[in-house]
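Note sheet for the following structure.
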Amino acid sequence: ARLLAPMRLRIALLIVLTVIGGLAEAVLLVVVAQIAIAVTEATTVDQVGLGLVSWGIPRTLEGLYVMAGCLLVVRFGAQASASLLNARAVTETQANLRKDLVEAFVNADWATQSRERDGHVQELVTTHVGRAGASVSVLSGASSSLINFAAMIGSALIVAPATADLITCDCTLEVIH
């Protein structure tokens, strides 16, 4: 918790970007599926439904292509921004820990410094700080994946409630067994 405290705003922004990216990905999947249905079955777009939500888009195949392109740009932008935030969080964590460790060692009295084994401070500053940075990276990646999954499940419940309910129940039963 002490490692993440200075980055609360960045973590909140990461959560928002992940939700936006997950929703954009879910809607993109729906739009691509609708394009595929319209093209392969030679139906008009007016005959293709987009679930419970009225998207307010032109009901043409070209309109769906434009929407898919826009959603792709939003998804890519959100993912790139989230990746950049994750990388900055890791590097700032490592830099802050290294600075604190070296500062603590330099400011310690000579008796304390002389009791340290050769290479112990170097090991702390390199290996252990690297592990702390990796921990922040794993925590951030796992959180993003979980939030993205929740956003996609939420979108599925909105677009096709009956199907999503069956899938969610099936996944829950698989986890229980």
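Source: prediction; values computed, not measured.
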Between the CD atom in Glu25 and the CG atom in Leu72, the distance rounded to the nearest 0.5 Å is 10.0 Å

- Message: Under the criterion side chain to side chain contact (heavy atoms under 4.5 Å, CB included), I'd like the reasoning laid out for Leu97 against Gln94: C-alpha separation, chi angles, the key distance, then a yes or no.
- Response: CA-CA 5 Å; Leu97 285 173; Gln94 289 178 331; 5.9 Å; no

In terms of hydrophobic clusters joined by side-chain contacts under 4.5 Å, are Val90 and Leu84 together?
no

Please confirm whether the backbone N or O of Val125 pairs with a side-chain atom of Arg98, one donor and one acceptor, at under 3.5 Å? yes

Taken to the nearest 0.5 Å, the spacing of Glu62 CD from Ile35 CD1 works out to 10.0 Å

Look at the side-chain heavy atoms of Ile, Leu, Val, Met, Phe, Trp and Tyr, link any pair under 4.5 Å apart, and say whether Leu124 and Phe105 land in one connected group. yes

Worksheet item: Hey, is the main chain of Arg88 close enough, under 3.5 Å, to the side chain of Thr91 for a donor-acceptor pair?
Response: yes

Report task. Could you state whether Val19 and Ile11 fall into the same hydrophobic cluster, counting links through intermediate Ile, Leu, Val, Met, Phe, Trp or Tyr residues with side-chain heavy atoms under 4.5 angstrom apart? Result -> yes

The reported gap from CG in Leu23 to CZ in Arg75 (rounded to nearest 0.5 angstrom) is 10.0 Å

Rounding to 0.5 Å, atoms CG (Leu101) and OG1 (Thr126) come to a distance of 10.5 Å

Between Ala68 and Leu28, the two heavy atoms sitting closest are O-CD1, 3.3 Å

Could you state whether Leu9 and Leu17 fall into the same hydrophobic cluster, counting links through intermediate Ile, Leu, Val, Met, Phe, Trp or Tyr residues with side-chain heavy atoms under 4.5 angstrom apart?
-> no

In one Ile/Leu/Val/Met/Phe/Trp/Tyr side-chain cluster, 4.5 Å: Val27, Phe76 = no

Apply side chain to side chain contact (heavy atoms under 4.5 Å, CB included) to the pair Glu92 and Arg10, showing each step before the final yes or no.
-> CA-CA 11 Å; Glu92 281 184 16; Arg10 187 169 287 156; 3.0 Å; yes

Glu103 side chain near Val106 side chain, heavy-atom distance below 4.5 Å: no

message: Between Ser137 and Gly133 (side chain of the first, backbone of the second, donor and acceptor by atom type, cut-off under 3.5 Å), is there such a pair?
response: no

Show which side-chain atoms of residues 143-154 pair as donor or acceptor with protein atoms under 3.5 Å away, not counting sequence neighbours.
| residue | atom | partner | partner atom | Å |
| --- | --- | --- | --- | --- |
| Ser143 | OG | Leu139 | O | 2.8 |
| Ser144 | OG | Ser140 | O | 3.1 |
| Ser145 | OG | Gly141 | O | 3.0 |

